[in-house]
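Below is one structure; the comments refer to it alone.
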Amino acid sequence: DAGVIQSPRHEVTEMGQEVTLRCKPISGHDYLFWYRQTMMRGLELLIYFNNNVPIDDSGMPEDRFSAKMPNASFSTLKIQPSEPRDSAVYFCASNRADSPLHFGNGTRLTVT
Amino acid sequence: SQKIEQNSEALNIQEGKTATLTCNYTNYSPAYLQWYRQDPGRGPVFLLLIRENEKEKRKERLKVTFDTTLKQSLFHITASQPADSATYLCASTRSSNTGKLIFGQGTTLQVKP
């Protein structure tokens, strides 16, 4: 079991640029979550999918953020255009219903 | 709004002692409480889950309690070791999907040899 795989591990970009974060969930898990972690706000749920369908995106901060899950083994979180306040660690996690979350090791995003 | 609060101050204890971390929730009644461990530069790792109808859960040196009257969960690590040093996160949900979580800010535990 390779665990949840995220890429890149670090991303540094300039304000206004598009950023795409990637996630491969654990095989067989039918739920996928995107969380964001900052010092000020801690870990916050952005969006989650069930069987590749977005279920709840109420945590997505604004229209600049979008997420897709084209198949069971891949998801992206896109920020366009990026702003300095988007700087955070973005985590992807997956699970089966009623089982604990498995987190990836995150993407540290810095927007200058 | 629904809120989970953990002691933001770091907890420093001596090796061999029991560490006790506190998680309080307000403005709602979670169906599940979970505890995760997070090391620097890594994602959170699940430790224990307790349901609202359970008072206590144990796993090896770990114990978690859930007091719905006090609106509080306590997380204990007995016979603590320097390797237990990490940030511990409390998380809650009312959803049947145990991945849709509200997290506390975490408490950093330092176990000194």
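Just so it is clear: chains get the letters A, B, ... in the order the sequence lines come, proteins before strands, and each one is counted from 1. The figures that follow rest on heavy atoms only: side chains count, while hydrogens, waters and symmetry mates do not.
Residues F49(A) and M60(A) share a hydrophobic cluster, clusters being chains of Ile/Leu/Val/Met/Phe/Trp/Tyr side chains in contact below 4.5 Å. Residues I102(B) and L33(B) fall within the same hydrophobic cluster, defined by Ile, Leu, Val, Met, Phe, Trp and Tyr side chains chained together at heavy-atom separations under 4.5 Å. In this structure, V53(A) is a member of the same hydrophobic cluster as L45(A), with clusters built from ILVMFWY side-chain heavy atoms closer than 4.5 Å. Y90(A) and V12(A) sit in two unconnected hydrophobic clusters of ILVMFWY residues. Membership requires side-chain heavy atoms under 4.5 Å apart, directly or through other members. I47(A) and L21(A) fall within the same hydrophobic cluster, defined by Ile, Leu, Val, Met, Phe, Trp and Tyr side-chain heavy atoms under 4.5 Å apart, directly or through other members.
Enclosure of atom CD in E9(B) is not indicated, since only 12 or fewer non-hydrogen atoms of other residues, nucleotides or ligands lie within 6.0 angstrom. R37(B) CZ: more than 12 foreign heavy atoms inside a 6.0 Å radius. With a 6.0 Å radius and a threshold of 12 heavy atoms from other residues, nucleotides or ligands, D63(A) has its CG atom at or below the threshold. Other residues, nucleotides and ligands contribute only 12 or fewer heavy atoms inside 6.0 Å of the CD atom of E60(B).
A ring-ring contact (aromatic ring centres under 6.0 Å, His included) check over residues 12-43 of chain A, counting only residues at least two apart or in different chains, returns the pairs H29(A)-H102(A), F33(A)-Y48(A), Y35(A)-F103(A), Y35(A)-F103(B).
In terms of heavy atoms, P44(B) sits closest to L43(A) at CG-CD1, 3.8 Å.
The most heavy-atom pairs under 4.5 Å with chain A, out of G43(B), G41(B), G104(B), come from G43(B).
Expressed to the nearest 0.5 Å, how far NZ of K100(B) lies from CG of D56(A) amounts to 4.0 Å. Rounding to the nearest 0.5 angstrom, the gap separating the CD atom in Q38(B) from the CZ atom in F91(A) is 5.0 Å.
Residues of residues 79-89 of chain B that come within less than 4.5 angstrom of chain A, heavy atom to heavy atom, are L89(B) in numerical order. Of residues 61-78 of chain B, not one residue has a non-hydrogen atom less than 4.5 Å from any non-hydrogen atom of chain A. Interface residues of residues 45-57 of chain B toward chain A, defined by a heavy-atom distance below 4.5 Å and sorted by number: F46(B).
Using a 4.5 Å cut-off between heavy atoms, Q37(A) contacts chain B through its side chain alone, with no backbone atom that close. In this structure, the portion of S99(A) lying under 4.5 Å from any heavy atom of chain B is its backbone and not its side chain. R9(A) touches chain B through its side chain: at least one heavy atom from C-beta onward sits under 4.5 Å away, while N, CA, C and O do not.
Side-chain contact between M39(A) and Q105(B) is absent, with no heavy atoms from C-beta onward closer than 4.5 Å.
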